[in-house]
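We count residues from 1, following the sequence as given. Values in this document were obtained by computation on a predicted structure and should not be read as measured data.
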Amino acid sequence: MARLLRRWWEEAGSSSGGTRPTQQALAARLGVDQTTLSRYLNPKHTSTAPMRVVEALHAQLRAPAVELDRARELCRAALRENSGRRTVGGGGGEPTAATDVTDGSDEPVGSRATAGPAGPVAPHGPGGGRGSGAGRSRFRWHLHVLVWAAVVVAFAAGVLVHERFTVQDRKAAALTDGAAGEGAVATSEAPLQWPLLVMGEQDQFTRARALQNLLNAHGYEVRADGFFGEDTRDAVMAFQGRRGLAPDGKVGKHTWPELVKEVKPGSGTHEVRAAQELLNNVGQGGTVVSGEFTAVTAEDLRFFQSTRDLPVTGRVDVDTWLALLVAQLPPARAPAYQRPESPPLSGSAPASA
């Protein structure tokens with residue numbers, strides 16, 4: 001089973017030309033920790049991935065469709081084998097058959113004539129009472145039941161507490177991912193805020209490239225290189241004037257909502273590229289930036305939305321644009337192929353607004 005899962009991971013991205021996700025990113029998508037995933041992918045380890053993880057790995061790694069049924073068979077066989085081992089090797093602390101079976105009386109059958117600390121327990125006889133050994137056996141049997149009930153309750157409580165804190169940790173991580181951006185909010189109580197972009201000489205990375213791609217989607221021809229120069233400012237001002245906004249050339253809470261477009265299957269190249277650029281830089285394993293809205297893009301969007309408590313639609317609406325812009329990781333270096341003639345960094349900061 002582990003050999004098949006590891007081959008899926010090692011071959012991921014080789015046929016489509018994409019990049020293979022790291023085990024850390026893949027574990028985040030599956031909702032397991034990286035150590036657990038590493039055991040599932042290690043043929044020398046005895047851990048067996050549950051059916052949910054096997055099916056999710058097949059989908060995430062885009063493994064051959066014909067291998068899914070085989071993987072399910074291997075998973076069921078491994079789980080049956082592990083279950084058999086536990087049955088044969090178990091028994092420590094379990095009540096034995098002799099103390100479990102009753103014949104309709106108040107006392108378990110196996111407790112009669114059972115040796116105790118004070119010698120054999122006297123069986124019932126005509127006119128005779130029950131011996132003290134029988135009472136101790138009955139007490140031990142009830143004690144076994146109470147102990148096992150307590151273990152079951154404690155285990156169930158532990159599972160609920162673990163799940164609760166896991167969900168809370170994921171929500172906290174989702175909110176703090178974008179804390180470095182201007183206007184980002186890292187608390188669960190405050191709403192997210194649109195980042196403010198203004199003209200400057202320094203590279204403003206993915207947020208500025210998303211802005212420029214969106215301007216292109218609205219018919220303005222600007223170079224999507226991440227540098228917010230005069231041409232980008234002029235396009236912003238022209239756009240603001242057409243939408244009835246104050247033409248100040250700054251892109252913030254009033255301009256972003258007017259500028260973004262819904263991205264879905266069939267959307268234009270520029271707005272799709274803008275969304276893919278942002279999605280590729282949120283730390284969940286990478287998204288191919290092609291300008292074409294593919295099934296993989298939709299899948300990556302659904303995963304991102306699920307980690308941000310957004311409706312899981314696989315499309316980019318206003319709320320998803322906001323979450324993507326806030327969640328950008330610093331420094332979002334511009335790919336060299338996108339800005340071969342970019343001016344050098346000056347180190348100056350944008351004007352405050």
Trainee: Say whether Leu26 and Leu5 are linked into one hydrophobic cluster, either directly or through other cluster members, by side-chain heavy-atom distances under 4.5 angstrom.
Mentor: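 In one cluster: yes.
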
Trainee: Report the C-alpha separation of Arg70 and Glu73 in whole Å, then their side-chain angles, then the decisive distance to 0.1 Å, and conclude whether the side chain to side chain contact (heavy atoms under 4.5 Å, CB included) test is met.
Mentor: CA-CA 5 Å; Arg70 175 59 178 163; Glu73 292 177 4; 3.8 Å; yes

Trainee: With rounding to the nearest 0.5 Å, note down the distance linking CZ in Phe293 to CG in Leu301.
Mentor: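 So the gap between those two atoms works out to 5.5 Å.
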
Trainee: Search all heavy atoms of Gly249 against all heavy atoms of Gln240 and return the closest pair with its distance.
Mentor: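 Here Gly249 and Gln240 meet closest at N-OE1, 3.0 Å.
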
Trainee: Quick one: does Glu230's side chain get under 4.5 Å of Met199's, heavy atoms only?
Mentor: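 Glu230 reaches Met199 side chain to side chain.
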
Trainee: Given the rule that I, L, V, M, F, W and Y join up when any side-chain heavy atoms are under 4.5 Å apart, are Leu192 and Leu197 in one cluster?
Mentor: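 Yes, one cluster joins them.
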
Trainee: Between Trp321 and Ala275, which heavy-atom pair has the shortest distance, and what is it?
Mentor: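 That closest heavy-atom pairing would be CH2-N, 3.7 Å.
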
Trainee: Would you say Arg39 and Val32 make side-chain contact, with heavy atoms under 4.5 Å?
Mentor: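 Answer no - side chains too far apart.
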
Trainee: Linking I/L/V/M/F/W/Y whenever any side-chain heavy atoms sit under 4.5 Å apart, do Leu61 and Tyr40 land together?
Mentor: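 Yes, same cluster.
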
Trainee: Testing the basics here: between Phe303 and Gln284, what is the closest heavy-atom pair and its distance to 0.1 Å?
Mentor: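 Heavy atoms of Phe303 and Gln284 come nearest at CD2-OE1, 3.3 Å.
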
Trainee: State plainly whether one hydrophobic cluster holds both Val326 and Val318, where clusters connect Ile, Leu, Val, Met, Phe, Trp and Tyr through side-chain heavy atoms under 4.5 angstrom apart.
Mentor: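 In one cluster: yes.
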
Trainee: Return the set of residues passing side chain to side chain donor-acceptor pair (under 3.5 Å) with Arg243 (not counting sequence neighbours), or none when no residue passes.
Mentor: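 Glu258.
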
Trainee: I need the minimum non-hydrogen distance between Gly286 and Asp300, along with the two atoms involved.
Mentor: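 Heavy-atom minimum between the residues: O-OD2, 3.7 Å.
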
Trainee: Please tell me if the side chains of Val53 and Pro50 come closer than 4.5 Å, counting only heavy atoms from C-beta onward.
Mentor: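 They are in contact (side-chain heavy atoms under 4.5 Å apart), so the answer is yes.
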
Trainee: Search all heavy atoms of Ala49 against all heavy atoms of Cys75 and return the closest pair with its distance.
Mentor: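 Residues Ala49 and Cys75, closest heavy atoms: O-SG, 3.3 Å.
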
Trainee: Give me the one residue out of Val251, Leu325, Thr255 that meets side-chain contact (heavy atoms from CB on, under 4.5 Å) with Leu211.
Mentor: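 Per the side-chain contact (heavy atoms from CB on, under 4.5 Å) rule, the option paired with Leu211 is Val251, out of Val251, Leu325, Thr255.
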
Trainee: A side-chain contact here means heavy atoms from C-beta on lying under 4.5 Å apart; do Arg233 and Phe228 qualify?
Mentor: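 Yes, their side chains come closer than 4.5 Å.
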
Trainee: Using the test side chain to side chain donor-acceptor pair (under 3.5 Å), find all partners of Glu67 that sit at least two apart in sequence or belong to another chain.
Mentor: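 Once residues adjacent in sequence are excluded, the partners of Glu67 under the side chain to side chain donor-acceptor pair (under 3.5 Å) criterion are Arg7, Trp8.
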
Trainee: Please say whether more than 12 non-hydrogen atoms of neighbouring residues, nucleotides or ligands are located less than 6.0 Å from NE2 in His218.
Mentor: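 Count over threshold, so yes.
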
Trainee: Gln276 pairs by side-chain hydrogen bond (donor to acceptor under 3.5 Å, both in side chains) with which of Asn213, Thr297, Thr287?
Mentor: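 When Asn213, Thr297, Thr287 are each tested with Gln276, the side-chain hydrogen bond (donor to acceptor under 3.5 Å, both in side chains) holds only for Thr297.
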
Trainee: Is it true that Asp317 and Lys264 have a side-chain N and a carboxylate O under 4.0 angstrom from each other?
Mentor: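 Looking at Lys264 together with Asp317, the answer is no, because their closest N to O distance does not fall below 4.0 Å.
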
Trainee: Mark yes or no for whether Lys261, through its side chain, and Glu271, through its backbone, hold a donor-acceptor pair below 3.5 Å.
Mentor: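 No, Lys261 side chain to Glu271 backbone: no donor-acceptor pair under 3.5 Å.
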
Trainee: Return yes if some donor-acceptor pair links the side-chain N/O of Arg6 with the main-chain N/O of Asn42 below 3.5 Å, else return no.
Mentor: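 No, Arg6 side chain to Asn42 backbone: no donor-acceptor pair under 3.5 Å.
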
Trainee: Please check if the side chain of His270 supplies one atom and the backbone of Gly291 the other of a donor-acceptor pair under 3.5 Å.
Mentor: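 Flag not set: sc His270 to bb Gly291 has no pair under 3.5 Å.
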
Trainee: So how far is it from Leu74 CG to Asp69 CG, rounded to the nearest 0.5 Å?
Mentor: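 CG of Asp69 is found 11.0 Å from CG of Leu74.
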
Trainee: Do the side chains of Val296 and Phe304 join up, straight or via other hydrophobic residues, at under 4.5 Å, putting them in one cluster?
Mentor: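 Val296 does not cluster with Phe304.
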
Trainee: Report yes if the side chains of Leu278 and Gln328 come closer than 4.5 Å at any heavy-atom pair, otherwise no.
Mentor: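 In contact.
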
Trainee: Would you give the length of the straight line joining atom CG of Asp225 to atom CD of Gln204, rounded to the nearest 0.5 angstrom?
Mentor: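 Rounded to the nearest 0.5 Å, the CG-CD separation comes out at 10.5 Å.
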
Trainee: Hey, is the main chain of Gln212 close enough, under 3.5 Å, to the side chain of Asn216 for a donor-acceptor pair?
Mentor: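 Between the backbone of Gln212 and the side chain of Asn216 there is a qualifying donor-acceptor contact (under 3.5 Å).
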
Trainee: Any side-chain heavy-atom pair from Thr320 and Arg315 closer than 4.5 angstrom?
Mentor: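 Thr320 vs Arg315: side chains apart.
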
Trainee: Using 0.5 Å steps for rounding, measure from the CD atom of Glu55 to the NE2 atom of His58.
Mentor: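 Those atoms lie 9.5 Å apart.
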
Trainee: Supply the atom-to-atom distance Leu329 CG to Thr206 OG1, rounded to the nearest 0.5 angstrom.
Mentor: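 Result: 8.5 Å between the selected atoms.
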
Trainee: Does the side chain of Arg72 reach to within under 4.5 Å of the side chain of Met51, using non-hydrogen atoms?
Mentor: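 Yes, their side chains come closer than 4.5 Å.
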
Trainee: To the nearest 0.5 Å, what is the distance between CD (Gln23) and CG (Leu30)?
Mentor: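 Taking CD in Gln23 and CG in Leu30, the distance rounds to 10.5 Å.
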
Trainee: With side chain to side chain contact (heavy atoms under 4.5 Å, CB included) as the criterion, how do Val289 and Arg273 come out once you've worked through the C-alpha distance, each side chain's angles and the decisive distance to 0.1 Å?
Mentor: CA-CA 6 Å; Val289 182; Arg273 182 180 291 274; 3.7 Å; yes

Trainee: Decide side chain to side chain contact (heavy atoms under 4.5 Å, CB included) for Leu37 and Leu57; before the verdict, give the C-alpha distance in whole Å, the side-chain angles of both, and the deciding distance to 0.1 Å.
Mentor: CA-CA 10 Å; Leu37 179 62; Leu57 278 170; 4.3 Å; yes

Trainee: Tell me whether Arg242 at atom CZ has more than 12 heavy atoms from other residues, nucleotides or ligands lying less than 6.0 Å away.
Mentor: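 Check fails, neighbour count at 12 or below.
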
Trainee: I'd like to know whether Arg29 forms a side-chain hydrogen bond (donor to acceptor under 3.5 Å, both in side chains) with Gln60, so could you lay out the CA-CA distance, the side-chain angles of the two residues, the decisive distance to 0.1 Å, and finally the verdict.
Mentor: CA-CA 8 Å; Arg29 293 188 184 188; Gln60 290 289 338; 2.9 Å; yes

Trainee: With Val222 as reference, evaluate Leu215, Leu214, Val236 under the side-chain contact (heavy atoms from CB on, under 4.5 Å) test and give the passing residue.
Mentor: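 When side-chain contact (heavy atoms from CB on, under 4.5 Å) is applied between Val222 and each of Leu215, Leu214, Val236, only Leu215 qualifies.
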
Trainee: Are Asp319 and Gln305 close enough, and set up right, to give a side chain to side chain contact (heavy atoms under 4.5 Å, CB included), and what steps lead you there?
Mentor: CA-CA 10 Å; Asp319 290 336; Gln305 290 167 331; over 6 Å; no

Trainee: Looking only at heavy atoms, which two atoms of Glu262 and Ser267 are closest? And how far apart?
Mentor: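 Heavy-atom minimum between the residues: O-OG, 3.5 Å.
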
